[in-house]
Amino acid sequence: MVQVAHDATNSMDNPLWLYSIEQYQKPGCAKFLLQAQDKYGLDVNILLFIGWLNLQAKSYYESRQLRLVHDWQLNKVRPIRQLRRQTKALQHEPFYQAFKDLELKAEKCQQQMLFNIGKNWAITDQTGLDGFKSSLQNYCAGKIELEESWLQVLYQHLQP
């Protein structure tokens, strides 16, 4: 008889995914993150990843591996999202739901990639709000200027 153990590092229900679900369900968090996505072009999964890293005392930084994750978001998740949004106008709920489910699966794959990358990152001295801000600045890298009050609200949404 073979015993199969649950290994969170190989499961699609890894600690990053579980953290993301918990945070996303908090009042106001989903709306705030989706506004960040639509207004600033930020990747919700990366924002959640930064929040999760911060809790692990790790900082976000760009890497070759993360470019693959960004490519996944750009070439897989975004086109599915665009199709899902277009199908909403058709008012055919089963068709819309199928695209919504597919988008969620693509995002879950992206989160698995992020988890696999981040689990091996070194612990940093910069933690809390300062570490969070530093990680967010590394992610935005001059693409956009984020207001301090906005950063603090985002930080609060991503705290357990």
Side-chain angles (χ1 to χ4, degrees), residues 12-56 58-93 95-119 121 128-160:
M12 291 297 278
D13 290 335
N14 64 63
L16 171 59
W17 181 253
L18 298 174
Y19 159 84
S20 296
I21 290 170
E22 184 177 325
Q23 297 314 115
Y24 202 79
Q25 291 175 348
K26 286 172 50 179
C29 184
K31 182 178 180 182
F32 189 85
L33 291 176
L34 292 173
Q35 286 173 342
Q37 172 185 276
D38 294 339
K39 182 176 180 178
Y40 299 116
L42 299 175
D43 182 342
V44 169
N45 283 324
I46 296 292
L47 295 176
L48 289 163
F49 180 57
I50 289 170
W52 179 77
L53 283 173
N54 189 259
L55 295 174
Q56 311 302 310
K58 298 177 181 182
S59 293
Y60 176 94
Y61 58 89
E62 285 296 325
S63 70
R64 192 181 82 223
Q65 292 174 309
L66 276 175
R67 278 188 234 120
L68 298 173
V69 175
H70 293 305
D71 287 346
W72 179 267
Q73 171 65 214
L74 185 63
N75 298 312
K76 306 292 189 284
V77 177
R78 286 186 187 178
I80 294 167
R81 180 178 300 130
Q82 185 178 15
L83 286 170
R84 176 188 53 81
R85 288 177 172 173
Q86 290 171 354
T87 60
K88 192 169 190 169
L90 298 175
Q91 296 182 351
H92 188 269
E93 186 60 28
F95 195 56
Y96 174 77
Q97 190 61 47
F99 274 105
K100 191 173 177 180
D101 293 345
L102 184 59
E103 181 182 1
L104 184 63
K105 286 180 184 178
E107 288 183 331
K108 198 170 186 180
C109 287
Q110 180 185 4
Q111 286 228 347
Q112 183 66 42
M113 289 186 277
L114 289 167
F115 175 74
N116 287 339
I117 293 166
K119 69 181 179 182
W121 280 0
L129 182 58
D130 289 337
F132 181 78
K133 286 181 188 178
S134 177
S135 288
L136 205 55
Q137 288 169 348
N138 289 339
Y139 170 52
C140 294
K143 294 179 268 188
I144 56 172
E145 192 68 34
L146 301 172
E147 295 177 17
E148 180 69 25
S149 60
W150 187 90
L151 287 168
Q152 289 181 2
V153 172
L154 176 62
Y155 179 73
Q156 289 303 313
H157 279 300
L158 298 180
Q159 292 301 296

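Values below: every heavy atom of this structure, side chains too, minus hydrogens, waters and symmetry copies.
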For the backbone of [Y] and the side chain of [X], can you confirm whether one donor and one acceptor N or O come within less than 3.5 Å of each other?
X	Y	result
W72	A106	yes
Y19	L158	yes
N75	D71	yes
Q23	H157	yes
D13	L18	no

Within the 4.5 Å heavy-atom criterion, are [X] and [Y] side-chain neighbours or not?
X	Y	result
K119	Q56	no
R84	Y96	yes
C140	L146	yes
N138	I50	no
Q112	N14	yes
L55	F132	no
Q86	Q82	yes
V69	I117	yes

If you draw a 6.0 Å radius around NZ in K26, do more than 12 non-hydrogen atoms from other residues or ligands fall strictly inside? yes

Does CD in Q91 sit with more than 12 non-hydrogen atoms of other residues, nucleotides or ligands closer than 6.0 Å? no

So, taking the atom named [atom1] in [X] and the one named [atom2] in [Y], what distance separates them when rounded to the nearest 0.5 Å?
X	Y	atom1	atom2	result
I80	K100	CD1	NZ	15.0 Å
Q111	I21	CD	CD1	8.0 Å
Y24	L34	OH	CG	3.5 Å
L129	S134	CG	OG	11.0 Å
Q156	L151	CD	CG	12.0 Å

Partner set under side chain to side chain donor-acceptor pair (under 3.5 Å) for Q110, not counting sequence neighbours: D43, N45, Q73

Ring pair (Phe, Tyr, Trp, His ring centres under 6.0 Å) between F115 and W121, intermediate numbers included: CA-CA 10 Å; F115 175 74; W121 280 0; over 10 Å; no

Provide the closest heavy-atom pair for L74 versus P79 in the form atom of the first, atom of the second, distance. O-CD, 3.3 Å

Closest non-hydrogen atoms of Y139 and L47, given as atom of the first, atom of the second and distance, are CE2-CD2, 4.2 Å

Would you say the rings of Y155 and W150 are close, in the sense that their centroids are separated by under 6.0 Å? no

Taking the six-membered ring for Trp, is the centroid-to-centroid distance between W52 and Y60 below 6.0 Å? no

Is it true that R81 and E107 have a side-chain N and a carboxylate O under 4.0 angstrom from each other? yes

